[in-house]
Amino acid sequence: MNQLQRTVTRYLDDEAAMVAFGRALGAHLRGGATVFLEGNLGVGKTTFCRGVLRAFGHRGAVKSPTYTLVEPYDIDSGTVYHFDLYRLGDPEELEFMGVRDYFAPGQVCLVEWPARGRGVLPSPDLIVSVSVQVDPVKFVSGRSVAVIAQTQRGEKILQLLERPVTELPGM
Ligand code: ADP
Ligand code: MG
């Protein structure tokens, strides 16, 4: 692991906060990015992806594409691909799907259970790592979300995500 990887960490105490954070990240993915989502079953990865898709104007439901492995969402500037590789038997299946075409430059790809596709998937720009975290004061279980840059592109996206609201144009 590179010690200099930029990381943005948030504690998010409910589903709405998770969607809002996904949306905030999604707003900076327009030029294309590959995002891996890590964390246990039921931790909130798909919820986060719903937020990202909201940033691209998708208002409908977002379900984990467990059986089809990938769900494409048409957006004005192209397509966002949402993968869930939980049920992937062999990474070779991804080769048969022509997975490299999905990860073309400029595309947005969100991948749940990326470890299942190890060796075939390209490396990500960002890793989103989600875990359950109990709020010690309110004693409710929210989520800790860490977004870790893996490439220069990922660094740039996190820089934009961290930028204070007062620096945004029009403020
Ligand atoms: P995954 O895709 O990781 O299997 P889901 O996105 O389907 O998980 O979410 C599972 C559950 O976690 C949902 O019921 C959702 O409401 C809940 N959840 C998501 N984010 C949070 C959060 N920040 N705090 C509490 N519950 C959350
Ligand atoms: Mg899921």
Side-chain angles (χ1 to χ4, degrees), residues 5-29 32-75 79-91 93-94 96-97 99 102-103 107-150 154 157-158 160-162 165:
Q5 286 164 318
R6 187 186 290 267
T7 302
V8 171
T9 308
R10 295 271 192 285
Y11 172 75
L12 303 167
D13 62 1
D14 62 14
E15 185 176 325
M18 195 73 162
V19 173
F21 187 46
R23 188 175 191 146
L25 182 74
H28 302 300
L29 300 182
T34 296
V35 181
F36 284 4
L37 294 112
E38 297 182 343
N40 292 336
L41 206 60
V43 82
K45 301 180 294 298
T46 302
T47 306
F48 186 90
C49 291
R50 175 159 30 106
V52 172
L53 284 156
R54 292 284 182 267
F56 286 94
H58 174 77
R59 289 171 206 282
V62 174
K63 280 195 271 172
S64 238
T66 302
Y67 293 96
T68 52
L69 299 177
V70 61
E71 184 72 37
Y73 293 87
D74 289 329
I75 48 152
T79 310
V80 175
Y81 295 101
H82 178 207
F83 290 80
D84 184 332
L85 305 183
Y86 188 66
R87 285 178 205 275
L88 184 71
D90 188 320
E93 284 176 47
L94 289 173
F96 298 136
M97 282 169 66
V99 84
Y102 292 96
F103 291 86
Q107 299 283 26
V108 178
C109 288
L110 311 172
V111 188
E112 297 186 38
W113 299 98
R116 303 274 205 271
R118 194 174 282 140
V120 176
L121 291 180
S123 40
D125 296 298
L126 295 167
I127 295 175
V128 176
S129 177
V130 188
S131 53
V132 173
Q133 194 179 316
V134 176
D135 180 322
V137 180
K138 292 193 235 159
F139 211 71
V140 291
S141 59
R143 306 291 190 263
S144 169
V145 180
V147 188
I148 309 143
Q150 301 290 301
I157 292 165
L158 287 196
L160 293 169
L161 183 66
E162 281 180 317
V165 173

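Counting starts at 1 for both ligands and their atoms, in listed order.
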* Check against side-chain contact (heavy atoms from CB on, under 4.5 Å), Leu85 and Val70 -> CA-CA 8 Å; Leu85 305 183; Val70 61; over 6 Å; no
* **side-chain contact (heavy atoms from CB on, under 4.5 Å) evaluation trace for Thr7 with Val147** => CA-CA 5 Å; Thr7 302; Val147 188; over 6 Å; no
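With a heavy-atom cut-off of 4.0 Å, Asp14 touches ligand 1 through its backbone alone. Of the heavy atoms in Asp13, only backbone atoms (N, CA, C, O) come closer than 4.0 Å to ligand 1. With a 4.0 Å cut-off on non-hydrogen atoms, Lys45 touches ligand 1 through its backbone as well as its side chain. Looking at Ser64 against ligand 1, nothing comes within 4.0 Å, counting heavy atoms. Of the heavy atoms in Asn40, only backbone atoms (N, CA, C, O) come closer than 4.0 Å to ligand 1.
For the residue pair Gln107 / Thr79, no side-chain donor-acceptor distance below 3.5 Å is found, with atom types taken as modelled.
What sits closest to atom 10 (C) of ligand 1 on the protein, heavy atoms only, is Gly42 O, 3.2 Å. The protein non-hydrogen atom at the shortest distance from atom 7 (O) of ligand 1 is Thr46 CB, 4.0 Å.
Those atoms of ligand 1 with a heavy atom of Leu12 less than 4.0 angstrom away are 22 (C), 23 (N), 24 (N).
Geometrically, ligand 1 and Leu41 share no nitrogen or oxygen pair separated by less than 3.5 Å. Between Thr47 and ligand 1, a contact under 3.5 Å exists for at least one N or O pair. Considering backbone and side-chain atoms alike, Gly44 places an N or O below 3.5 Å from some N or O of ligand 1. Between Met18 and ligand 1, no pair of N/O atoms sits closer than 3.5 Å.
Proximity of Gly39 to ligand 1 is not established, as no heavy-atom distance is less than 4.0 Å. For Cys49, the closest heavy-atom approach to ligand 1 does not fall below 4.0 Å.
Residue-environment remark: CZ (Arg6) exceeds the threshold of 12 foreign heavy atoms within 6.0 Å. Crowding of Tyr86 atom OH: a count of heavy atoms from other residues, nucleotides or ligands under 6.0 Å not exceeding 12.
Residues meeting the salt bridge (Lys or Arg N to Asp or Glu O under 4.0 Å) test with Glu93, sequence neighbours left out: none.
Using a 4.0 Å cut-off between a side-chain N of Lys or Arg and a carboxylate O of Asp or Glu, Glu38 and Lys45 do not qualify as a salt bridge.
Looking only at N/O/S atoms, Glu112 comes nearest to the Mg ion (ligand 2) through OE1.
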